[in-house]
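Contents: one structure, followed by commentary.
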Amino acid sequence: MYKRLGLDFFIQQNVAVLASSLLGKVLCTKQKGLFTSAMIVETEAYQGPEDKGSHAFRNRRTQRTETMFNRGGFAYVYLCYGIHHLFNVVTGPEDVPHAVLIRAIQPIEGVELMMKRRKMLKILPKLTAGPGTLSQALGITTAMTGTDMLSPDSPVWIEDRQYQIEPEQIMSGPRIGIDYAADWIDRPLRFWIKDSIWVSRQR
DNA sequence: CACGGGATCGTCT
DNA sequence: GACGATCCCGTGT
């Protein structure tokens with residue numbers, strides 16, 4: 001079996017560095033014996049209390065955001081537009097509500113299952129390009145929010161399979177869909193693998 | 001290819 | 001009661 005990312009990885013304080021480090025790691029799910037895996041190719045960092053784009057801006061604690069205040073390694077999944085389940089990794093130490101949104105992945109195992117879940121007949125980038133579509137492909141829902149990915153029996157986790165992503169392959173730019181976030185709009189907190197056909201938007 | 005709108009509902013005001 | 005860290009499909013060029 002492959003090694004899961006551990007606490008030392010997830011509690012790193014610099015969420016931007018952590019978000020770029022997640023590129024090349026492998027997101028896995030297993031439910032009812034059904035296994036899927038995919039390499040992370042696009043992420044966005046949300047810098048907790050200081051970040052106007054974050055749900056936890058100004059340390060806002062609500063029933064929804066409460067899980068973001070856990071130590072790193074928990075899953076934060078929320079419903080967007082009433083339809084899409086967006087998957088985040090909580091990062092940093094306890095009470096620091098940083099999170100990384102996974103925006104796109106490259107399928108590895110369980111591709112047929114992903115296609116079935118997405119109601120697609122061909123393998124195309126739109127199978128997993130975009131935070132809503134990748135959750136559908138992996139079977140991730142809001143029911144998984146608050147689960148500890150460091151727990152051996154969690155339905156979702158992240159592995160290190162030693163895929164090497166060279167620094168020059170890592171691109172960065174503004175995040176998507178947070179036009180309301182004022183001076184945080186233009187910060188380069190989105191990261192993706194250069195020339196990957198699996199990212200949600202090229203740039 | 002660029003846009004424009006509809007879907008759909010939990011969450012917060 | 002308004003809106004969103006999105007996606008898909010339709011229309012027009």
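Not measured: the values here are computed from a predicted model.
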Mapping G177(A) and Q136(A) onto DNA chain C by nearest heavy atom, which one lands closer to the 5' end? G177(A)
Carboxylate-amine/guanidinium proximity below 4.0 Å for D160(A) and R4(A): no
Decide, yes or no, whether a salt bridge links R61(A) with D95(A) under the criterion of side-chain N to carboxylate O below 4.0 Å. yes
Walk me through it: do Y76(A) and F74(A) pass the test ring-ring contact (aromatic ring centres under 6.0 Å, His included)? CA-CA 7 Å; Y76(A) 171 52; F74(A) 280 76; over 10 Å; no
Over how many whole Å does the gap from [X] atom [atom1] to [N] atom [atom2] extend?
X	N	atom1	atom2	answer
R61(A)	dC12(B)	CZ	P	13 Å
I83(A)	dT11(B)	CD1	C1'	16 Å
Y81(A)	dC12(B)	OH	C1'	16 Å

Is the charged tip of R71(A) near the ring of F10(A): under 6.0 Å from the six-membered ring centre and within 45° of its axis? no
Assign [X] to base, sugar-phosphate, or nothing according to its heavy-atom contacts below 4.0 angstrom with the strands shown.
X	value
R64(A)	sugar-phosphate
T133(A)	sugar-phosphate
G53(A)	base
L101(A)	base
L79(A)	sugar-phosphate

Straight-line distance of T141(A) OG1 to L79(A) CG, nearest 0.5 Å: 10.0 Å
Distance col, row S196(A):OG vs I40(A):CD1, nearest 0.5 angstrom, shows 12.5 Å
Bracket notation of DNA chain B in which parentheses pair within the strand, [ ] cross earlier pairs, and | pairs with another strand (Watson-Crick or G-U, under 3.5 Å): |||||||.||||.
First contact, last contact: which nucleotides of DNA chain C are these for chain A, 5' to 3', heavy-atom distance under 4.0 Å? dG4(C) to dC8(C)
Could you go through N88(A) and V100(A), starting from their C-alpha distance and side-chain angles, then the distance that decides it, and tell me whether this counts as side-chain contact (heavy atoms from CB on, under 4.5 Å)? CA-CA 5 Å; N88(A) 298 251; V100(A) 177; over 6 Å; no
Given E159(A) and K3(A), is the salt bridge (Lys or Arg N to Asp or Glu O under 4.0 Å) satisfied, shown in steps? CA-CA 6 Å; E159(A) 292 177 354; K3(A) 184 186 170 193; over 6 Å; no
Centroid-centroid distance, Y46(A) to H98(A), less than 6.0 Å: no
